[in-house]
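Letters A, B, ... are given to chains in the order of the sequence lines, protein chains preceding strands, and every chain is numbered from 1.
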Number of protein chains: 2
Amino acid sequence: MKIDATDRKILIELQRDAAQSLDDIAKAVGSSKTPVWNRIRKMKEAGVIGAQTVLLDAEALGFEATFFVLIRTSEHEAEWQNRFLKALRERPEVQEAHRLAGDIDYILKVRVRNARAYDAFYQALISEVKVHNVTALLSMEEIKATVALPL
Amino acid sequence: MKIDATDRKILIELQRDAAQSLDDIAKAVGSSKTPVWNRIRKMKEAGVIGAQTVLLDAEALGFEATFFVLIRTSEHEAEWQNRFLKALRERPEVQEAHRLAGDIDYILKVRVRNARAYDAFYQALISEVKVHNVTALLSMEEIKATVALPL
DNA sequence: TGATATATAGGAAATTGTTCCGCATCTGGG
DNA sequence: CCCAGATGCGGAACAATTTCCTATATATCA
């Protein structure tokens with residue numbers, strides 16, 4: 001799908017605050033509500049705009065530990081990989097998972113209540129799928145956290 | 001702020017889809033509009049619920065490269081750290097930044113259009129603040145990406 | 001240029017968000 | 001055990017927003 005300058009402005013506004021009214025967005029992008037509404041609808045249909053969600057205060061809700069997990073594995077067969085990906089997708093503690101180029105095979109971002117909960121997660125994961133080497137990096141401070149793309 | 005079982009159900013619904021109507025949320029949590037509205041308002045005031053945003057398709061918008069950047073530094077003075085944090089917060093390519101415990105001092109998640117854009121970001125960053133050692137991990141595949149907490 | 005397609009602004013109808021009010025439930029003090 | 005005050009609930013009224021329609025303007029291409 002082709003995204004023009006007006007679409008981009010709308011996306012910037014939506015990223016900033018998805019709860020504002022169409023009139024406000026229209027004013028911000030210098031248009032009126034109908035074209036804005038049509039453009040948003042098209043971008044939703046095309047999948048450019050995905051879920052609409054809220055960002056919660058993790059610490060206020062008791063999620064006080066964030067780990068980045070670096071995984072190396074010697075297994076690279078399809079069957080193993082499918083089980084591994086399935087395990088990651090099913091575990092809600094895993095907020096992000098990427099397959100990497102190079103030395104390290106995967107990186108995960110894991111949000112848990114505390115170190116003990118991380119250990120429980122870790123034990124459960126390695127009992128499900130064999131991995132060669134795991135390094136956990138513990139976050140001491142979340143300096144920045146946004147989901148906005150730099151449009 | 002104290003969060004009870006109903007609040008938690010509301011948060012789960014909001015994380016799943018922040019665009020649904022109050023009536024739908026009320027039905028999902030087994031309550032009616034008014035209490036749901038009051039609870040949401042209180043949680044917003046308390047900061048438990050932060051921004052409301054949309055998740056965009058990064059690839060469709062031309063952001064085809066994601067890097068995780070591991071940073072070691074020998075500098076740990078307040079002045080240096082302030083400049084470093086400021087630089088990270090000002091750069092929109094940096095979607096996440098954490099200060100870590102242990103060997104590696106910081107981890108960043110950086111979203112850019114391509115490898116060249118990453119290099120430009122990298123050069124700009126190290127010219128602003130001196131860092132000892134930088135490792136960039138390139139994502140080949142985003143296996144999972146959610147901002148939902150495992151409530 | 002003229003015909004066609006596409007995007008726009010404004011407004012009406014339907015839906016949703018917000019507020020108010022009476023009622024039920026819970027809590028702590030006598 | 002009972003009462004007064006506080007708190008939370010559901011329903012209804014009102015305000016605002018979304019959604020859709022129509023007429024007009026703008027761009028496109030032969």
Distance in Å, K130(B) NZ paired with R83(B) CZ, rounded so as to fall on 0.5 Å steps: 10.0 Å

With sequence neighbours left out, the residues meeting ring-ring contact (aromatic ring centres under 6.0 Å, His included) with Y106(B) are F84(B)

I'd like to check the ring-ring contact (aromatic ring centres under 6.0 Å, His included) partners of F68(A); sequence neighbours left out, ordered by chain and number.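 For F68(A) the ring-ring contact (aromatic ring centres under 6.0 Å, His included) partners, ignoring immediate neighbours, are H98(B).
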
Between T6(A) and D23(B), which residue's closest nucleotide on DNA chain C lies nearer the 5′ terminus?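 Final value for this comparison: T6(A).
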
For the helix from dT1(C)-dA30(D) to dG30(C)-dC1(D), measure the angle between the helix axis at one end and the axis at the other, each built from five pairs, rounding to 10°.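 Inter-axis angle at the ends, rounded: 40°.
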
What pairs meet the side-chain hydrogen bond (donor to acceptor under 3.5 Å, both in side chains) rule with one or both residues in residues 50-61 of chain B, with sequence neighbours excluded? none

Residue pairs meeting side-chain hydrogen bond (donor to acceptor under 3.5 Å, both in side chains), one or both in residues 60-73 of chain A, sequence neighbours left out, come to T66(A)-R111(A), R72(A)-D103(A)

Can you give me every donor-acceptor pair (side chain of residues 5-18 of chain B, partner residue at least two apart or in another chain, under 3.5 Å) with its distance?
unit_1	atom_1	unit_2	atom_2	d
D7(B)	OD1	R39(B)	NH1	2.9
D7(B)	OD2	D4(B)	N	3.2
E13(B)	OE1	R16(B)	NH2	2.6
E13(B)	OE1	Q20(B)	NE2	3.2
Q15(B)	OE1	L149(B)	N	2.8
Q15(B)	NE2	L149(B)	O	3.1
D17(B)	OD1	A19(B)	N	2.9

Under the side-chain contact (heavy atoms from CB on, under 4.5 Å) test, residues paired with N82(A) that sit two or more places apart: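 Listed in chain order: nothing, the list is empty.
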
Which pairs would a plain distance check flag for residues 114-121 of chain B, meaning a side-chain donor or acceptor within less than 3.5 Å of a matching protein atom at least two apart in sequence or in another chain?
unit_1	atom_1	unit_2	atom_2	d
N114(B)	OD1	R116(B)	N	3.2
N114(B)	OD1	A117(B)	N	2.8

Start and end of chain A contact along DNA chain C [non-hydrogen atoms, under 4.0 Å]: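 Contact boundaries, 5' end first: dA7(C) to dA12(C).
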
Check A87(A) against E128(A) and note the closest heavy-atom contact, atom names and distance.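 Heavy atoms only, the tightest pair is CB-OE1, 3.7 Å.
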
Sorted by number, the residues of residues 7-16 of chain A with heavy-atom contact under 4.0 Å to DNA chain C: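 Those residues whose heavy atoms fall under 4.0 Å from DNA chain C, taken from residues 7-16 of chain A, amount to none.
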
May I ask you to list the residues of residues 28-50 of chain A, by number, that have any heavy atom positioned under 4.0 Å from an atom of DNA chain C?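 Heavy-atom cutoff 4.0 Å gives S31(A), S32(A), K33(A), T34(A), P35(A), R39(A), K42(A).
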
In whole Å, I'd like the distance from the [atom1] atom of [X] to the [atom2] atom of [N].
| X | N | atom1 | atom2 | result |
| --- | --- | --- | --- | --- |
| L22(B) | dA15(D) | CG | P | 18 Å |
| Q52(B) | dT17(D) | CD | P | 14 Å |
| K2(A) | dT28(D) | NZ | C1' | 14 Å |
| D24(A) | dA16(D) | CG | P | 13 Å |
| I25(A) | dT18(D) | CD1 | P | 7 Å |

Going by an N to O cut-off under 4.0 Å, is there a salt bridge joining E142(B) and R99(A)? no

Answer yes or no: are there more than 12 heavy-atom neighbours, outside E77(A) itself, under 6.0 Å from its atom CD? no

Using a 3.5 Å cut-off and no angle test, enumerate the donor-acceptor pairs between side-chain atoms of residues 22-32 of chain A and protein atoms at least two apart in sequence or in another chain.
none

